[in-house]
Amino acid sequence: MKAYKLAGWTKGGHFVDVAKPEPGAGEVLIKMGGAGVCHSDLHIMHEWTPENMPELASVDYDFTLGHENGGFIEALGSGVSGWDVGQPVVVSPVWACRRCAACLGGDDAYCEGPTMLSGGLGRDGGLASHMVAPAHALIALTNLEPSEAAPLTDAGLTSYHAVKHSLGVLTPDAAALVIGVGGLGHMAVAYLRELTGGPVIAVDRSEAARKMATDLGADLVLDSNENTAAAVKEATAGLGAGAVFDFVGIDTTMAMAASLVRKRGKVTVVGLGGGTFPLSYGALPVAATIGFTFGGSLVDLAEIVALAESGRVRPHVQHFAFSQIEQAYHDLHEGKVNGRAVIVPD
Ligand code: NAD
Ligand code: ZN
């Protein structure tokens with residue numbers, strides 16, 4: 001089968017002929033229906049090194065990309081029950097130990113077990129005709145196509161997880177601010193609209209992304225420039241936002257996020273832009289916090305699959321054929337993808 005694999009650290013990706021994998025114990029073989037193209041793949045292909053990503057330093061850096069996966073079960077490995085051949089599923093990008101305290105508490109995104117390598121993130125992922133995945137990382141689909149649902153597993157999951165962890169500060173009198181309305185950010189705007197009562201403010205430097213935010217119901221949509229902060233302050237009666245979500249994560253967006261959070265508010269940095277924020281007393285309003293999140297839990301994924309299946313929050317998807325993978329990454333790099341690009345079989 002054809003697979004789109006990493007060519008080595010900072011060497012990008014390439015198409016390679018590989019053997020179709022076989023599911024091991026506890027695993028299933030999945031015939032791919034769709035694989036989302038995440039901005040993290042651009043970091044993985046072009047920016048990550050054994051030095052800046054020590055967790056992956058010992059990994060063979062030629063795994064198949066694609067950590068946002070949906071498809072149809074084609075075969076069950078030994079010991080797998082409760083799943084049927086032909087069944088449509090999505091695959092969580094978190095392949096956790098399921099034994100540590102974090103996993104047992106339903107917080108598998110923060111697994112403290114031995115390894116956390118998953119398909120497209122250290123092991124072979126979904127940019128191929130088939131992939132294998134642990135049966136325990138699957139969520140069943142009932143009325144959604146895998147090619148429509150695949151982005152739920154990261155663009156949806158990661159943004160939902162961040163929003164869910166901020167619900168405590170998102171009282172109806174508090175604004176939410178989303179910086180970067182791309183694959184993850186457009187889902188964040190939709191989840192905020194669905195789950196919270198306060199105003200949703202969205203910031204993006206791309207006009208198409210701003211239009212998407214408006215279409216998704218954001219109350220105020222702003223370009224990212226020297227006037228943004230003043231406009232957010234004005235819209236929040238000088239207070240700032242209760243929760244800020246930074247889906248870019250560079251110096252300027254992190255500084256903007258910190259300057260626009262409210263006292264007792266919460267800044268969540270999701271973007272892997274490599275930015276830094278100098279933390280010292282007074283750098284944030286009193287009792288405000290800043291932190292990072294990673295992915296989301298299997299419970300989070302089950303919840304957003306339910307939201308999507310009921311038709312309430314679905315990803316905005318742009319399909320590309322398998323042979324157009326490099327075009328999709330190019331468009332993503334150029335900021336030309338609206339919502340999420342999903343690779344579907346040729
Ligand atoms: P994307 O390219 O689809 O979206 C990024 C958006 O940010 C685009 O709309 C772009 O126009 C906008 N943007 C870029 N620079 C900006 C700026 N200075 N001001 C305002 N807007 C700006 O990317 P994505 O797939 O949504 O991923 C977003 C980030 O989240 C990436 O860094 C990715 O690696 C990271 N990510 C993190 C996790 C996690 O678990 N923490 C999971 C998935 C992705
Ligand atoms: Zn991702």
Side-chain angles (χ1 to χ4, degrees), residues 35-48 53 65-69 91-94 108-110 116 118-122 125-127 150-162 165 177-190 201-213 216 218 221-229 232 244-257 260 268-275 291-297 300-301 315-318 328-342:
V37 164
C38 179
H39 205 110
S40 297
D41 292 339
L42 298 177
H43 302 307
I44 293 171
M45 284 192 278
H46 304 295
E47 292 163 22
W48 288 8
M53 213 37 73
L65 286 160
H67 55 267
E68 206 176 75
N69 301 310
V91 184
S92 166
V94 172
D108 40 305
Y110 304 116
M116 274 274 294
S118 59
L121 295 166
L127 287 185
L152 292 173
T153 66
D154 185 8
L157 179 67
T158 304
S159 58
Y160 178 76
H161 176 74
H165 276 249
L177 173 62
V178 174
I179 304 172
V181 190
L184 274 66
H186 89 285
M187 295 301 290
V189 170
I201 306 174
V203 174
D204 202 293
R205 61 182 186 183
S206 135
E207 196 178 337
R210 293 197 296 275
K211 178 169 185 315
M212 163 99 34
L216 289 167
V221 179
L222 300 165
D223 196 355
S224 187
N225 57 33
E226 63 284 357
N227 304 320
T228 312
V232 173
V244 184
F245 304 92
D246 180 358
F247 291 106
V248 184
I250 58 176
D251 287 358
T252 49
T253 56
M254 289 170 75
M256 184 197 293
L260 291 176
T268 306
V269 180
V270 179
L272 307 180
F292 304 88
T293 56
F294 172 75
S297 70
D300 295 333
L301 185 56
H316 182 94
V317 165
Q318 193 182 332
Y329 280 128
H330 175 265
D331 286 3
L332 184 65
H333 179 260
E334 298 295 304
K336 289 187 185 147
V337 172
N338 225 4
R340 194 55 132 189
V342 173

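Note that ligands are numbered from 1 as they come in the structure, with each ligand's atoms numbered from 1 the same way.
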Undergrad: Please indicate whether any nitrogen or oxygen in F294 is less than 3.5 Å from any nitrogen or oxygen in ligand 1.
TA: no
Undergrad: Please state which protein non-hydrogen atom is closest to atom 7 (O) of ligand 1 and give its distance, to 0.1 Å?
TA: G180 CA, 3.4 Å
Undergrad: Could you check atom 1 (P) of ligand 1 against the protein and tell me its nearest heavy-atom contact, residue, atom and distance included?
TA: H39 ND1, 3.7 Å
Undergrad: Of all the non-hydrogen atoms in the protein, which one sits nearest to atom 29 (C) of ligand 1, and at what distance?
TA: F247 O, 3.2 Å
Undergrad: Indicate yes or no: at least one non-hydrogen side-chain atom of H67 is less than 4.5 angstrom from one of S118.
TA: no
Undergrad: Determine whether Y329 and D41 make a side-chain contact, defined as any pair of heavy atoms from C-beta on separated by less than 4.5 Å.
TA: yes
Undergrad: Pick whichever of A341, G182, S159, C38 has a heavy atom sitting closest to atom 5 (C) of ligand 1.
TA: G182
Undergrad: Heavy atom under 4.0 Å from ligand 1: found in T293's side chain, backbone, both, or neither?
TA: backbone
Undergrad: For ligand 1, is any non-hydrogen atom under 4.0 Å from T253's backbone (N, CA, C, O), its side chain (CB onward), both, or neither?
TA: side chain
Undergrad: Record the part of S40 in heavy-atom contact with ligand 1 below 4.0 Å; permitted values are side chain, backbone, both and neither.
TA: both
Undergrad: To check your reading of the model: name the closest protein heavy atom to atom 26 (O) of ligand 1, its residue, and the distance in Å.
TA: L184 N, 2.8 Å
Undergrad: Within the structure, does H43 bring an N/O atom to less than 3.5 angstrom of an N/O atom in ligand 1?
TA: yes
Undergrad: Using only heavy-atom distances, determine whether the side chains of H316 and N338 contain a donor-acceptor pair under 3.5 Å.
TA: no
Undergrad: Students should be able to answer this: which protein heavy-atom is nearest to atom 13 (N) of ligand 1, and at what distance?
TA: V248 CG2, 3.7 Å
Undergrad: Between N69 (side chain) and V91 (backbone), is there a donor-acceptor pair under 3.5 Å?
TA: no
Undergrad: For the residue pair R210 and D223, establish whether any side-chain heavy-atom pair is separated by less than 4.5 Å.
TA: yes
Undergrad: Just let me know how D204 lines up against ligand 1, side chain, backbone, both or neither, with a heavy-atom cut-off below 4.0 Å.
TA: both
Undergrad: Hey, are the side chains of V94 and F294 touching, using non-hydrogen atoms and a 4.5 Å cut-off?
TA: yes
Undergrad: Can you check side chain to side chain contact (heavy atoms under 4.5 Å, CB included) on R340 and D154, steps first, answer last?
TA: CA-CA 10 Å; R340 194 55 132 189; D154 185 8; 4.3 Å; yes
Undergrad: Does V337 have a heavy atom less than 4.0 Å from any atom of ligand 1?
TA: no
Undergrad: What protein N/O/S atoms sit under 2.8 Å from the Zn ion (ligand 2), by chain and number?
TA: C38 SG, H67 NE2, D154 OD2
Undergrad: Consider ligand 1: state whether an atom of it lies below 4.0 angstrom from any non-hydrogen atom of R340.
TA: yes
Undergrad: Show me which atoms of ligand 1 lie under 4.0 Å from any heavy atom of L332.
TA: 2 (O), 3 (O)
Undergrad: Are any side-chain N or O atoms of S159 and backbone N or O atoms of G156, one a donor and one an acceptor, separated by less than 3.5 Å?
TA: yes
Undergrad: T293 and Y110: side chain to side chain contact (heavy atoms under 4.5 Å, CB included), yes or no, with the steps?
TA: CA-CA 9 Å; T293 56; Y110 304 116; 3.4 Å; yes
Undergrad: Please lay out, stage by stage, how H39 and L332 fare under the test side chain to side chain contact (heavy atoms under 4.5 Å, CB included).
TA: CA-CA 7 Å; H39 205 110; L332 184 65; 4.2 Å; yes
Undergrad: How far is atom 3 (O) of ligand 1 from its nearest protein heavy atom, and which residue and atom is that?
TA: G183 N, 2.9 Å
Undergrad: Could you identify the single nearest non-hydrogen protein atom to atom 37 (C) of ligand 1 and state the distance to 0.1 Å?
TA: V270 O, 3.0 Å
Undergrad: Please list, chain by chain and in numerical order, all residues satisfying salt bridge (charged side-chain N to carboxylate O under 4.0 Å, His left out) with R205, sequence neighbours excluded.
TA: none
Undergrad: Is the shortest side-chain heavy-atom distance between S224 and I179 below 4.5 Å?
TA: no
Undergrad: Please step through side chain to side chain contact (heavy atoms under 4.5 Å, CB included) for the pair M187 and L152, ending with a clear verdict.
TA: CA-CA 9 Å; M187 295 301 290; L152 292 173; 4.0 Å; yes
Undergrad: Under 4.5 Å between any side-chain heavy atoms of V337 and V37, yes or no?
TA: no
Undergrad: Tell me which one of S224, G249, A162, A109 gets a heavy atom nearest to atom 17 (C) of ligand 1.
TA: S224
Undergrad: Among protein heavy atoms, which lies nearest atom 40 (O) of ligand 1, and at what distance?
TA: G295 N, 2.8 Å
Undergrad: Under a 4.5 Å cut-off applied to non-hydrogen side-chain atoms, are M256 and T228 in contact?
TA: yes
